[in-house]
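Notes follow once the structure below has been shown.
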Amino acid sequence: MTTTAFKEPVRQAPSGVAARAPRRPGRLRRLSLPYLLLLPALLFELLVHLVPMVIGVVMSFKELTQFYIRDWGTAPWSGLGNYQVSVDFDAPVGEALLHSFLVTVGFTLLSVGLCWLIGTAAAVFMQDAFRGRGLLRALFLVPYALPVYTAVITWVFMFQHDNGLVNHVLHDQLHLTDKPSFWLIGDNSFYALLTVSVWKGWPFAFLIVTAGLQNIPKELYEAAALDGAGTWQRIRRITLPSLRPVNQVLVLVLFLWTFNDFNTPYVLFGKSAPEAADLVSVHIYQSSFVTWNFGTGSAMSVLLLLFLLVVTGGYLLLTSRGRRAADV
């Protein structure tokens, strides 16, 4: 016996009317959930960084001194006057800012270069397994793990003129100097600041380069060794080209950290840094909180921000072009 199933005729939508997809009430909730979870962090970032930044830009256009600190909104409007004073390099304020800027550029280039060189050399040396490598890696990361104030204050005691460890080793034991040196004043303050900056900065480069080395296949080194390539040739032909993307980010981060570093010189020298180690971060602090000229200090901060934005944008543009040329 044959049964015939009767199917309900399919109703077609009238022409000109698009078929509507069924609504899913939970889909909108799933799409908005990540943004809702990020909202507290974005609000906190807005309060901590963006709002003070906007206030600082507004303050740079005002004659804000200690007389208006109670109600800074009533300070007279100066327009670009603070910026003109800051970039007038023939006047004392602009000349001092230019000197501080040049000192900071030289210090940053030396510090970043030495941090990258020492960190890369240590990472390449620790690439092969040997007994005690884990302990040595942990010791290498100690300067980076220590709090900044603890590390720098320790160096302050080591740089003391009469009973510091540095003079004890260089003068009393190795006899490399005729007399104990003053490391926290005078021209030697630049080298003291550079030493502390490199000491606490190179472990970060070591950590990043070590992570980048893990992505290089060992087969490349083995094939190069079979072809007769030496250690330096393997580093130059395999290691450094493979680490190029990592180094591009590493150098930029080290540059921004070092150029903006305030904690190290402030803890090392106090409120008034020596002329040879007058970094721009401490110089802006002195212009704002020592001389109580917050308008000029804010203008200097905005100029520093613009400089870092230009350098970062140019660096990213050059590195992106280099990556595209390498890919072609």
Side-chain angles (χ1 to χ4, degrees), residues 99-100 102-126 130-210 254-255 257-283 285-286 290:
H99 173 267
S100 177
L102 295 177
V103 170
T104 307
V105 170
F107 164 76
T108 302
L109 294 178
L110 288 175
S111 179
V112 172
L114 290 175
C115 286
W116 177 84
L117 181 62
I118 299 174
T120 302
V124 172
F125 171 74
M126 302 286 289
F130 58 89
R131 186 167 184 171
R133 184 178 65 168
L135 177 61
L136 199 56
R137 280 181 175 177
L139 292 177
F140 283 173
L141 295 177
V142 167
Y144 181 69
L146 283 177
V148 176
Y149 289 93
T150 304
V152 178
I153 288 176
T154 303
W155 277 100
V156 170
F157 287 104
M158 294 173 61
F159 280 129
Q160 292 298 317
H161 176 265
D162 297 327
N163 53 4
L165 179 63
V166 176
N167 280 335
H168 177 70
V169 173
L170 295 180
H171 177 70
D172 298 337
Q173 294 186 347
L174 300 179
H175 304 288
L176 296 178
T177 59
D178 298 334
K179 57 182 179 179
S181 303
F182 289 94
W183 293 101
L184 300 180
I185 59 175
D187 294 337
N188 289 333
S189 59
F190 179 84
Y191 303 105
L193 179 61
L194 181 63
T195 300
V196 177
S197 177
V198 173
W199 178 81
K200 72 182 186 63
W202 78 265
F204 176 76
F206 164 75
L207 185 65
I208 299 301
V209 174
T210 300
L254 287 176
F255 173 81
W257 282 359
T258 307
F259 207 96
N260 284 320
D261 190 11
F262 173 80
N263 294 329
T264 301
Y266 183 80
V267 178
L268 197 61
F269 304 116
K271 295 181 180 180
S272 57
E275 185 177 0
D278 185 22
L279 298 187
V280 69
S281 58
V282 180
H283 187 83
Y285 170 82
Q286 293 174 348
V290 177

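- Of all non-hydrogen atoms in Ser281 and Pro265, the two that sit nearest each other are OG-CG, 4.5 Å.
- Between Phe125 and Phe130, the closest side-chain pair of non-hydrogen atoms falls below 4.5 Å.
- Here the closest non-hydrogen pair linking Leu279 and Asp261 is CD1-O, 4.3 Å.
- Classification of the Phe204-Trp257 ring pair by plane angle, with boundaries at 30° and 60°, yields tilted.
- Taking OG1 of Thr154 as the start and CG of Leu165 as the end, the distance is 11.5 Å to the nearest 0.5 Å.
- Residue Leu268 comes nearest to Val152 through the heavy atom pair N-CG1, 3.7 Å, listed as atom of the first residue, atom of the second, then distance.
- Applying the side-chain hydrogen bond (donor to acceptor under 3.5 Å, both in side chains) criterion to Trp202, with sequence neighbours excluded, gives no partner residue.
- In this structure Ser100 satisfies the side-chain hydrogen bond (donor to acceptor under 3.5 Å, both in side chains) test with no other residue, sequence neighbours excluded.
- Residues Phe157 and Asn163 fail the side-chain proximity criterion, which asks for heavy atoms closer than 4.5 Å.
- Using a 4.5 Å cut-off on side-chain heavy atoms (C-beta onward), Met126 and Leu136 make contact.
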| message | Apply side chain to side chain contact (heavy atoms under 4.5 Å, CB included) to residues Phe190 and Leu110 and explain how you reach the verdict. | response | CA-CA 11 Å; Phe190 179 84; Leu110 288 175; 4.0 Å; yes
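- Listed by first and then second residue, the side-chain hydrogen bond (donor to acceptor under 3.5 Å, both in side chains) pairs that reach into residues 113-124 are Trp116-Thr120, Trp116-Asn247, sequence neighbours excluded.
- Shown here are the ring pair (Phe, Tyr, Trp, His ring centres under 6.0 Å) partners of Trp199, two or more places apart in sequence or in another chain: Trp155.
- If you take CG on Leu194 and OG1 on Thr258, they are separated by 10.0 Å, rounding to the nearest 0.5 Å.
- At least one side-chain heavy atom of Leu193 sits under 4.5 Å from a side-chain heavy atom of Thr264.
- Annotation: side-chain hydrogen bond (donor to acceptor under 3.5 Å, both in side chains) contacts involving residues 181-197, sequence neighbours excluded, comprise Ser111-Ser197, Asn167-Trp183.
- Taking CZ from Phe140 and CD1 from Ile118, the interatomic distance works out to 10.5 Å, rounded to the nearest 0.5 Å.
- When all heavy atoms of Lys271 and Gln286 are compared, the closest pair comes out as O-NE2, 2.6 Å.
- Ring geometry for Tyr266 versus Phe262: interplanar angle under 30°, hence parallel rather than tilted (30 to 60°).
- In terms of heavy atoms, His99 sits closest to Glu275 at CE1-O, 2.9 Å.
- Side chain of His175 to backbone of His171: a donor-acceptor contact under 3.5 angstrom is found.
- Residues forming a side-chain hydrogen bond (donor to acceptor under 3.5 Å, both in side chains) with His168 (at least two apart in sequence, or on another chain): Asp172, Gln173.
- Using a distance-only test at 3.5 Å, with no hydrogens or angles considered, a donor-acceptor pair links the side chain of Thr104 to the main chain of Val280.
- Closest heavy-atom contact between Val105 and Phe259: CG2-CE1, 3.9 Å.
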